[in-house]
Amino acid sequence: MKFNVAAAAAGAAFLAGGVRAEDQKVVKDESSSSSSSSVAESATKALPPLPTFTPSKIQAPFLEQFTEGWDKRWKPSHAKKDTKGSEEEWAYVGEWAVEEPTVYKGMEGDKGLVVKNVAAHHAISAKFPKKIDPKGKTLVVQYEVKLQNGLECGGAYLKLLRENKALHQEEFSNATPYVIMFGPDKCGHTNKVHFIFNHKNPKTGEYEEKHLSSPPSAKIVKTSELYTLVVHPNNTFVIQQNGEQVKEGSLLEDFTPPVNPPKEIDDPKDKKPEDWVDEAKIPDPDAKKPDDWDEDAPYEIVDEEATKPEDWLDDEPQTIPDPEAEKPEDWDDEEDGDWIPPTIPNPKCAEVSGCGPWTKPMKKNPAYKGKWTAPYIDNPAYKGPWKPRQIKNPDYFEDKTPANFEPMGAIGFELWTMQNNILFDNIYIGHSVEDARKLAEETFFKKHEVETALEEAERPKVEDKPLSPNDLKFLDDPKKYITEKLDLFLTIAKTNPIEAVKFVPEIAGGLAAILVTVIAVVVSLLGAGSSPAPAAKKEKADAKDKAKDKDAKASATGADTGKEATKRTTRSQS
């Protein structure tokens with residue numbers, strides 16, 4: 001936008017007539033304090049201080065913060081993955097490390113267990129100091145997950161392994177028996193927080209996985225996320241994310257397959273009788289086709305009453321060669337054959353009812369009835385849907401306390417993932433909801449505040465929406481205010497000057513002030529050239545009076561006057 005002389009003049013007039021002295025002072029004050037306000041704004045947006053990691057003093061059956069000596073507790077597995085039914089063979093070759101995060105570091109000196117390889121199978125485990133038996137107690141499982149590279153396909157869940165004195169960490173694999181599997185898992189559209197537990201059938205002694213029917217979704221972000229599972233002795237459970245409840249339910253009601261089998265089942269020996277009738281409707285056996293029913297009548301017939309429209313163009317083709325089409329420069333008639341331009345719909349046909357040979361149209365045949373079928377009636381022999389009789393389930397049992405999980409002897413991460421640098425930290429396995437929360441306050445909530453601020457600072461800023469000239473305020477930017485208003489006024493004035501005055505009265509008033517000023521200046525200049533100033537008039541009048549006096553004296557005493565003149569001349573020459 002050009003800021004011409006008219007704009008400058010309008011701005012000057014606007015400033016002179018539309019802005020008070022105190023407003024101009026505000027503009028100066030705001031301008032002079034712009035640097036200090038920006039500093040204050042930066043201070044307001046400053047990141048929270050980086051806390052320093054301090055090992056927790058909380059006592060728990062198992063608490064892991066990956067401090068010094070972690071490699072004596074955690075052992076990676078080098079076993080082969082159990083792939084029964086498949087010819088493929090996979091080994092746990094994925095590497096592990098304990099290190100501080102490289103993305104959104106939220107706490108100084110806080111290290112975690114990190115998955116180091118992409119598209120690899122990882123397995124690592126740590127034995128509990130002594131087995132954890134949750135029978136009759138609340139079980140709390142809590143840990144942090146940090147997806148530093150996001151998660152497109154892979155797991156970040158943990159397993160609590162069944163107590164087994166013969167458990168060798170080097171042989172930990174997907175076939176190792178576990179009690180609980182808990183944590184996020186995502187691949188494609190599947191995104192869930194797993195809660196699976198293995199339940200032992202008291203009759204057969206076999207184990208069966210029980211999956212949470214409607215698991216919550218995982219948060220796929222690069223900040224640390226806290227996952228907490230609480231299972232109470234009364235068989236209720238709660239899942240939390242970042243300390244907020246996202247799921248609650250019952251072990252007896254919200255898992256598939258259910259913990260307890262049905263009391264009755266279908267009798268496998270019961271068969272449907274051969275004479276069982278389960279058709280509710282049948283064709284009416286007494287119905288007969290009417291004598292006048294013509295099954296051969298066509299669906300459509302020629303409309304004999306139709307007449308050709310008067311504007312129908314029989315000699316015009318429906319399509320014509322495209323008159324704008326040109327033969328390509330690289331077309332070779334010998335190799336490509338004769339070039340034929342493409343066709344387009346005949347524009348003449350679009351203006352009339354139609355073109356080409358006219359034929360009478362078809363219409364629906366009023367005599368058409370189609371194939372005759374007998375109407376359906378209720379089946380008098382209908383017995384209803386057949387169901388096998390119910391018998392007592394020989395495998396029935398009732399476990400009223402599935403929360404009494406079997407003793408657990410170790411924790412393990414057995415994962416496959418397409419993203420590396422997944423970090424696990426601050427693992428709590430115990431029986432105290434309060435201690436788990438206290439640990440989160442010492443670690444997670446402190447770092448999460450910083451990580452969230454770092455993520456926010458890195459997020460691309462959304463540019464402010466450009467203001468309409470009507471939204472501008474003079475004190476925010478005087479120059480922009482004047483130029484935008486003037487430009488808007490001139491744009492409208494090109495087509496409708498009256499609307500321009502109504503829509504942008506500020507500029508109209510400024511231009512009017514300019515016009516008044518110009519007229520006053522012109523009038524003043526013209527007045528100075530045509531009529532002398534009052535002082536000049538007075539001097540001229542005095543000169544005339546003196547001249548008259550001299551003439552009178554000269555006529556009365558001409559000799560004396562001549563002598564006086566001679567004297568003056570002589571003095572002036574001496």
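For the numbers below, each heavy atom of this structure counts, side chains included, while hydrogens, waters and symmetry mates do not.
Using modelled atom types and a 3.5 Å distance limit, the side chains of Glu171 and Ser173 yield no donor-acceptor pair. In this model, no donor atom of one side chain and acceptor atom of the other lie less than 3.5 Å apart for Asn149 and Gln419. When only modelled atom types and interatomic distance are considered, Thr256 and Ser213 share a side-chain donor-acceptor pair under 3.5 Å. Between the side chains of Asn191 and Ser217, no donor N or O sits under 3.5 Å from an acceptor N or O. Under 3.5 Å, the side chains of Asn242 and Glu225 contain a donor-acceptor pair of N or O atoms.
Checking Glu455, Glu100, Glu451 one by one against Lys146, the salt bridge (charged side-chain N to carboxylate O under 4.0 Å, His left out) holds for a single residue, Glu451. With respect to Tyr92, the side chain to side chain contact (heavy atoms under 4.5 Å, CB included) criterion is satisfied by exactly one of His78, His122, Glu414: Glu414.
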Contacts table for residues 298-306: side-chain donor-acceptor under 3.5 angstrom, sequence neighbours left out:
unit_1: Asp303; atom_1: OD1; unit_2: Glu305; atom_2: N; d: 3.2
unit_1: Glu304; atom_1: OE1; unit_2: Lys360; atom_2: NZ; d: 3.4

Only pairs under 3.5 Å count here: list side-chain donor-acceptor contacts from residues 180-189, not counting sequence neighbours, and write none if there are none.
unit_1: Asp185; atom_1: OD2; unit_2: His194; atom_2: NE2; d: 2.9
unit_1: Lys186; atom_1: NZ; unit_2: Gly188; atom_2: O; d: 3.1

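Asn346 places a side-chain N or O within 3.5 Å of a backbone atom of Pro317 that can act as its donor or acceptor partner.
In this structure Tyr143 satisfies the ring-ring contact (aromatic ring centres under 6.0 Å, His included) test with no other residue, sequence neighbours excluded. With sequence neighbours excluded, the residues that form a salt bridge (charged side-chain N to carboxylate O under 4.0 Å, His left out) with Glu316 are Lys348.
Residue-environment remark: CG (Asp333) exceeds the threshold of 12 foreign heavy atoms within 6.0 Å. Other residues, nucleotides and ligands contribute more than 12 heavy atoms inside 6.0 Å of the NZ atom of Lys219.
Using bins of under 30°, 30° to 60° and over 60° for the plane-to-plane angle, the ring pair Phe237/Phe195 lands in the perpendicular bin.
Each side chain to side chain donor-acceptor pair (under 3.5 Å) pair with one or both residues in residues 372-388, not counting sequence neighbours, appears once here: Lys281-Asp378. Within the structure, no pair that satisfies the side chain to side chain donor-acceptor pair (under 3.5 Å) test touches residues 286-298, not counting sequence neighbours.
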